[in-house]
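So that the names make sense, note that chain A is the first sequence line, chain B the second, and so on, each numbered from 1.
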2 protein chains.
Amino acid sequence: MSVDIEDVSAISSVLKLLGDKTRMTILSYLKGHELCVCELVDLLHVSQPAMSQHLKKLRLAGIIRERKQGTWVYYSLNEQLPKYVSVVIETLPNQNLGNYRNPDCC
Amino acid sequence: MSVDIEDVSAISSVLKLLGDKTRMTILSYLKGHELCVCELVDLLHVSQPAMSQHLKKLRLAGIIRERKQGTWVYYSLNEQLPKYVSVVIETLPNQNLGNYRNPDCC
DNA sequence: CAATTATATATCCACATGATTATATTATGA
DNA sequence: TCATAATATAATCATGTGGATATATAATTG
């Protein structure tokens, strides 16, 4: 079985993206369910522009995917992540959405 | 079997450390063998103070260990790393030291 | 088409971070 | 003890990065 060797530059730039508390929290919320931008804004108490920029970075790095539906944009974890990324995400706690209901939307 | 869940803040601060090309290269060189500071300076073409500061950060984060022997300080990977860290390190390419010989020391 | 809603982008700013230079520390050996 | 070598720390600086505010875009609805 071949090993998943990658370029040091590529790995470190992905890890730099992951090395942000807000982005890691986003990823922990995306474990299991897709969420739209306004839900993430709601859950993380982060401004909408800030959220938008974090999501853009994660998307450009291929870590998350977007699905547009009308005005809403739903984000979810990308399947087929490099192993070292998926292990990091597995290590994150599962966020408990509790009785949070999808606002329709914000 | 219990899962290795950690705090989001703790994980992101470790990943921030790993998200640096120089530090990742240091770790790739430390795979398999301990190296002293001057050897790392030599191999990475990084200034001695810069190297010293990177090593300090990695050591304070518990990713590497130091072993002092006279004036020399040897660094090596810490065993017992969190899984997500060791997977990252395993993903790094093994650096070929070629016919590089331990300078005695610099 | 106008108004509204969800999201994205642009600009600016405060702060963190990595590199460099200079200096300090520590150990060794003459 | 003095000189030297290996490493660490301090100070400074330039650059990068995240957040806030303002504005733009795009889709929906009346």
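When heavy atoms are screened at a 4.0 angstrom cut-off, B/Arg23 is found touching the sugar-phosphate backbone but no base atom. Residue contacts for A/Lys16: at a heavy-atom cut-off of 4.0 Å it reaches the sugar-phosphate backbone alone, with no base atom in range.
Remark: A/Ser86 pairs with no residue by the side chain to side chain donor-acceptor pair (under 3.5 Å) rule, at least two apart or across chains. Listed by chain and number, the residues in a side chain to side chain donor-acceptor pair (under 3.5 Å) with A/Gln53 amount to none (sequence neighbours excluded). A search for side-chain contact (heavy atoms from CB on, under 4.5 Å) contacts involving B/Gln69 returns B/Arg67, B/Tyr74, not counting sequence neighbours. Scored by the side-chain contact (heavy atoms from CB on, under 4.5 Å) test, A/Thr71 finds no partners at all (sequence neighbours excluded). With sequence neighbours excluded, the residues satisfying side-chain contact (heavy atoms from CB on, under 4.5 Å) with B/Glu66 are B/Arg59, B/Lys68, B/Val73, B/Tyr75.
If you measure from atom CD of B/Glu66 to atom P of D/dA6, you get 17 Å, rounded to the nearest angstrom. The distance from atom CG of B/Leu60 to atom P of D/dA8 is 11 Å, rounded to the nearest whole Å. Rounded to whole Å, the distance from NZ on A/Lys57 to P on C/dT9 is 13 Å. Counting to the nearest Å, the P atom of C/dT5 and the CD atom of A/Glu39 are 18 Å from each other. Between the P atom of D/dA6 and the CG atom of B/Leu40 lies a distance of 14 Å, rounded to the nearest Å. Atom pair A/Arg67:CZ and C/dA6:P shows a separation of 16 Å (rounding to whole Å applied). The distance between atom NZ of A/Lys21 and atom P of C/dA16, rounded to the nearest whole Å, is 15 Å. In this structure, CG of B/Leu35 is placed 16 Å from P of D/dA6, rounded to the nearest angstrom.
Note on residues 69-81 of chain B: pairs passing salt bridge (charged side-chain N to carboxylate O under 4.0 Å, His left out), not counting sequence neighbours, are B/Arg65-B/Glu79.
Here A/Lys56 reaches the OP1 or OP2 of C/dT9: one of its side-chain N or O atoms lies under 4.0 Å away. A sub-4.0 Å separation between OP1 or OP2 of D/dA6 and a side-chain N or O of B/Tyr75 is absent.
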Write down the protein N/O and nucleotide N/O pairs, taken from nucleotides 28-30 of chain D, whose separation is under 3.5 Å; answer none if there are no such pairs.
none

Distance-only donor-acceptor hits, side chain of residues 9-22 of chain B, under 3.5 Å, sequence neighbours excluded:
unit_1, atom_1, unit_2, atom_2, d
B/Ser9, OG, A/Lys21, NZ, 3.0
B/Ser12, OG, B/Val8, O, 3.0
B/Ser12, OG, B/Ser9, O, 3.1
B/Ser13, OG, B/Ser9, O, 3.1
B/Ser13, OG, B/Ala10, O, 2.9
B/Asp20, OD1, B/Thr22, N, 3.0
B/Asp20, OD1, B/Arg23, N, 2.9
B/Lys21, NZ, A/Ser9, OG, 2.9

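Side-chain N or O atoms of A/Ser52 include none that pairs as donor or acceptor with a backbone N or O of A/Pro49 at under 3.5 Å.
Here the side chains of B/Leu43 and B/Thr25 are not in contact, with every heavy-atom distance at 4.5 Å or above.
Residues from residues 46-55 of chain A placing a heavy atom under 4.0 Å of any atom in DNA chain D, listed by number, are A/Ser47, A/Pro49, A/Gln53, A/His54.
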